[in-house]
Protein chains: 2
Amino acid sequence: MNIGNASEKSGLSAKTIRYYEDIGLLLADRADNGYRDYSMSDVHRLRFLQRSRSLGFSVEECRQLLSLYSDKDRESADVKAIAKAKLTEIDRKLAELTELRDTLRHLVRNCHGDKRPDCPIIEGLAGKD
Amino acid sequence: MNIGNASEKSGLSAKTIRYYEDIGLLLADRADNGYRDYSMSDVHRLRFLQRSRSLGFSVEECRQLLSLYSDKDRESADVKAIAKAKLTEIDRKLAELTELRDTLRHLVRNCHGDKRPDCPIIEGLAGKD
DNA sequence: AGAAAGGTTCTAGTTCATGGAAGGTCAAGG
DNA sequence: CCTTGACCTTCCATGAACTAGAACCTTTCT
């Protein structure tokens with residue numbers, strides 16, 4: 001499939017997909033006309049990249065994560081080690097995100113949404129850790 | 001407290017903290033010697049920034065989120081609207097992150113960590129959505 | 001006092017894209 | 001057949017969010 005299609009399916013812009021190819025993150029086949037040609041498997045990788053980037057992993061971290069998908073020659077012990085390290089990081093991010101959500105949720109629930117001066121922003125958020 | 005101390009407590013580099021001041025995200029008091037002077041409340045905001053940035057929110061989004069802490073003059077209806085919008089976004093991120101974690105966790109559990117060729121990367125990850 | 005540690009500003013470079021120009025390709029309709 | 005418009009190509013420039021380094025000042029430690 002063409003890049004436009006892959007872009008739509010992955011949530012990454014065509015520009016970004018070409019950029020990722022430039023930096024060697026995901027190399028695409030080429031059709032006879034020179035157009036990039038993406039398989040469903042490529043699209044899965046692109047979506048995976050979109051997700052991990054939007055969740056705060058750097059391109060280099062994504063490269064590592066992607067190697068879990070792609071590098072069949074790698075010894076699986078290596079793969080496992082990388083995956084474990086990333087898992088720890090993801091769990092930390094999950095905890096932080098959950099905390100952030102609970103904080104905001106508390107705010108939304110307790111804020112009356114009018115001009116009364118006791119909107120719980122200050123008490124609930126500004127003061128403590 | 002000095003910037004080094006604030007840096008340590010917030011997890012942001014001193015460089016980054018100065019940069020955030022440049023772009024008006026968090027303005028610091030100044031001591032008599034010209035050094036920036038941070039309160040505990042400033043540190044909380046810095047930590048908050050560190051977290052939200054690392055979770056993939058843009059600086060502008062962080063500015064909004066931060067306004068939930070700081071902007072006491074704002075009508076609470078506005079605050080509530082912003083908070084609600086961010087909540088939706090956070091919930092989406094949480095779902096994605098959870099999915100990513102489950103995928104990796106499955107990999108780690110099922111990979112035997114040796115050279116056997118049936119490391120479940122390909123079946124478990126590369127193929128399906 | 002002298003050195004190390006940490007602060008200041010300023011300019012420049014890096015990473016991760018994103019926008020736009022100039023031009024080639026393709027599928028559909030007149 | 002030929003044009004129109006969507007989609008593709010490369011290349012160069014710009015933007016966002018840092019990050020590094022130089023040059024210099026302030027505090028602290030011995």
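Throughout, a chain's letter reflects where its sequence line sits, starting with A, and its residues are numbered from 1.
- What separates CZ of Arg53(B) from C1' of dC16(C) is a distance of 11 Å, to the nearest Å.
- For Asp32(A) and dC8(D), the CG to C1' distance is 15 Å, given to the nearest whole Å.
- Straight-line distance from the CD1 atom of Ile3(B) to the C1' atom of dT27(D): 16 Å, rounded to whole Å.
- Note on Thr16(B): a side-chain N or O is less than 4.0 Å away from OP1 or OP2 of dT19(D).
- The interatomic distance linking Phe57(B) (CZ) with dA17(D) (C1') rounds to 17 Å, in whole Å.
- As a whole-Å value, the separation of Arg30(A) CZ from dC8(D) C1' is 10 Å.
- Rounded to a whole Å, the CG atom of Leu12(B) is 8 Å from the P atom of dC18(D).
- OP1 or OP2 of dC26(C) sits under 4.0 Å from a side-chain N or O of Asn33(A).
- Residue Ser13(B) holds its OG atom at 8.5 Å from CZ of Arg18(B), rounded to the nearest 0.5 Å.
- Taking both residues in full, the closest heavy atoms of Phe48(B) and Leu100(A) are given as CE1-CD1, 3.4 Å, listed atom of the first, atom of the second, then distance.
- Under a hydrophobic clustering in which Ile, Leu, Val, Met, Phe, Trp and Tyr are joined whenever their side-chain heavy atoms come within less than 4.5 Å, directly or via other members, Leu87(A) and Leu94(B) fall into the same cluster.
- Rounded to whole Å, atom P of dC10(C) lies 9 Å from atom CG of Asp22(B).
- Nucleic acid contact class of Arg36(B) (heavy atoms, under 4.0 Å, all strands): sugar-phosphate only.
- Across the protein-nucleic acid pair, Tyr35(B) atom OH and dC24(D) atom P stand 16 Å apart, rounded to whole Å.
- Using a 4.0 Å cut-off, some side-chain N or O of Tyr20(B) falls inside it from OP1 or OP2 of dC18(D).
- In terms of modelled atom types and a separation under 3.5 Å, the side chain of Lys86(A) and the main chain of Cys62(A) share no donor-acceptor contact.
- Residues Leu55(B) and Lys93(B) share a closest heavy-atom pair of O-NZ, 3.2 Å.
- OP1 or OP2 of dT18(C) lies within a sub-4.0 Å distance of a side-chain N or O belonging to Ser13(A).
- Each of Lys15(B) and Asn5(B) was assigned the nucleotide of DNA chain C with the nearest heavy atom; the assignment lying further toward the 5' end belongs to Asn5(B).
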